[in-house]
Student: 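Quick one: this structure, given as structure tokens, is what I'll be asking you about.
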Amino acid sequence: MEKLRLGVNIDHVATLRNARGAAWPDPLRAALLAEAAGADGITAHLREDRRHIRDADIEALMAGIGVPLNFECAATDEMAEIALRLRPHAVCLVPEKREERTTEGGLDVAADENRLAHYIAPLREVGCRVSMFIGHDERQIRASARIGASVIELHTGHYSELHAEGRPDEAEAELAALRRAATLAHSLGLEVHAGHGLTFENVTEIAAIPELRELNIGHFLIGEALFMGLGPAIEEMRRRMDAARA
Ligand code: PXP
């Protein structure tokens with residue numbers, strides 16, 4: 001099986017920084033450390049409310065990191081303007097609600113197909129790889145292919161919750177749905193990524209899905225950094241991902 005790329009999401013370094021309004025911990029420093037520990041890319045979500053990552057962080061990451069930046073954002077005019085100006089390697093479109101603690105579900109591409117097709121066309125023209133963060137629903141996968149997305153990222157949050165709550169049968173059913181979704185997306189020519197809620201405990205089954213090319217992992221790694229350090233946490237995640245595909 002082809003090696004999986006690991007994208008490290010550094011949003012929550014900014015969460016910690018913003019909790020005190022200080023200049024540290026610095027998300028760019030974390031990104032450089034992640035890169036040195038073997039991350040293949042850095043992911044950062046610029047939310048409309050700027051609750052963690054800020055505009056200046058995105059600019060600093062673009063200028064400072066040596067691996068590709070995956071810019072996560074909602075499909076708004078403001079974010080299109082930023083992405084078209086900065087031209088990150090990848091743009092991952094996610095649904096966003098102000099009241100949510102994290103990205104709770106996938107994007108409803110099927111319900112917004114026309115608008116999203118027009119939204120991503122200029123991003124593709126300037127060379128960004130556009131990704132849709134969606135659930136495993138066949139309609140969303142087919143709509144993503146129709147609008148010209150290069151990539152889908154499958155939302156693994158529900159699987160992660162079922163796993164953590166000790167509901168193995170439901171977790172297995174969710175995993176099976178994710179596997180079917182990856183197969184379908186791959187057959188439609190989409191590159192398949194996955195992420196949300198992944199940990200040392202639940203990453204193996206996800207990483208073993210053959211069609212996947214990339215995982216994006218943040219919250220767990222940043223938390224684990226408190227105990228084992230960010231570099232070792234990333235190395236351990238990498239080891240588990242590689243072992244799952246051996
Ligand atoms: N992928 C996407 C599209 C996300 O929105 C997030 C969370 O910001 C992640 C991956 C990473 O999720 P987590 O922080 O739970 O690892």
Side-chain angles (χ1 to χ4, degrees), residues 4-19 25-55 57-62 64-74 79 83 86 88-96 100-107 129 131-134 151-157 159-161 192-200 202-203 206-207 212-226 228-238 240-241:
L4 264 183
R5 293 193 299 265
L6 170 60
V8 173
N9 181 317
I10 45 92
D11 293 350
H12 296 301
V13 178
T15 302
L16 202 55
R17 174 195 63 193
N18 299 355
D26 176 15
L28 174 60
R29 186 173 168 202
L32 293 173
L33 213 156
E35 196 179 320
D40 302 290
I42 298 297
T43 294
H45 183 178
L46 186 65
R47 280 185 165 266
E48 184 200 7
D49 63 10
R50 310 302 199 266
R51 70 173 70 160
H52 39 55
I53 293 292
R54 296 174 180 153
D55 302 59
D57 293 321
I58 297 292
E59 303 212 7
L61 289 166
M62 284 287 298
I65 61 176
V67 290
L69 177 69
N70 177 28
F71 175 69
E72 263 185 41
C73 63
M79 293 300 154
L86 298 178
H89 167 81
V91 176
C92 180
L93 298 180
V94 304
E96 216 175 89
E100 70 190 353
R101 272 186 297 182
T102 180
T103 313
E104 285 166 358
L107 201 61
R129 283 175 70 69
S131 166
M132 299 285 141
F133 189 46
I134 58 174
V151 181
I152 59 159
E153 180 166 330
L154 291 169
H155 196 312
T156 53
Y159 163 74
S160 303
E161 279 165 23
V192 193
H193 301 175
H196 212 282
L198 296 176
T199 68
F200 289 157
N202 65 23
V203 76
I206 297 291
L212 289 183
R213 288 289 166 270
E214 178 175 313
L215 299 183
N216 283 297
I217 309 181
H219 183 256
F220 174 79
L221 288 174
I222 302 305
E224 204 55 27
L226 292 172
M228 61 193 291
L230 184 57
I234 290 168
E235 284 160 12
E236 176 61 15
M237 191 60 85
R238 232 306 34 113
R240 289 181 188 235
M241 285 164 58

Student: Taking side-chain hydrogen bond (donor to acceptor under 3.5 Å, both in side chains) as the test, write out the residues that go with Ser131, two or more places apart.
Tutor: none

Student: In chain order, what residues pass the salt bridge (Lys or Arg N to Asp or Glu O under 4.0 Å) check against Asp40, with sequence neighbours excluded?
Tutor: Arg238

Student: Apply ring pair (Phe, Tyr, Trp, His ring centres under 6.0 Å) to His155 and list each qualifying residue two or more places apart in sequence or on a separate chain.
Tutor: Phe133, His196

Student: Under the rule for salt bridge (Lys or Arg N to Asp or Glu O under 4.0 Å), what residues qualify as partners of Asp26, not counting sequence neighbours?
Tutor: none

Student: Holding to side-chain contact (heavy atoms from CB on, under 4.5 Å), I want the full list of residues that pass it with His89, two or more places apart in sequence or in another chain.
Tutor: Pro68, Arg129

Student: Partners of Leu198 by side-chain contact (heavy atoms from CB on, under 4.5 Å), sequence neighbours excluded?
Tutor: Thr156, Ser160, Asn202, Ile206, Leu215, Ile217

Student: Going by the rule ring pair (Phe, Tyr, Trp, His ring centres under 6.0 Å), which residues pair with Phe71 if we only count those two or more places apart in sequence or in a different chain?
Tutor: none

Student: Who are the salt bridge (Lys or Arg N to Asp or Glu O under 4.0 Å) partners of Arg47, not counting sequence neighbours?
Tutor: Glu100

Student: Please enumerate all residues that pass side-chain contact (heavy atoms from CB on, under 4.5 Å) together with Glu236, with sequence neighbours excluded.
Tutor: Phe200, Met228, Arg239, Arg240

Student: Do Thr43 and Glu72 touch side chain to side chain, with heavy atoms closer than 4.5 Å?
Tutor: yes

Student: Please list, chain by chain and in numerical order, all residues satisfying salt bridge (Lys or Arg N to Asp or Glu O under 4.0 Å) with Glu161, sequence neighbours excluded.
Tutor: none

Student: Sequence neighbours left out, what passes side-chain hydrogen bond (donor to acceptor under 3.5 Å, both in side chains) with Glu224? Give chain and number order.
Tutor: none

Student: Taking only distance into account, with no hydrogens and no angle test, what donor-acceptor pairs under 3.5 Å do side-chain atoms of residues 28-36 form with protein atoms, sequence neighbours excluded?
Tutor:
from	atom 1	to	atom 2	distance (Å)
Glu35	OE1	Gly66	N	2.9
Glu35	OE2	Gly66	N	3.3

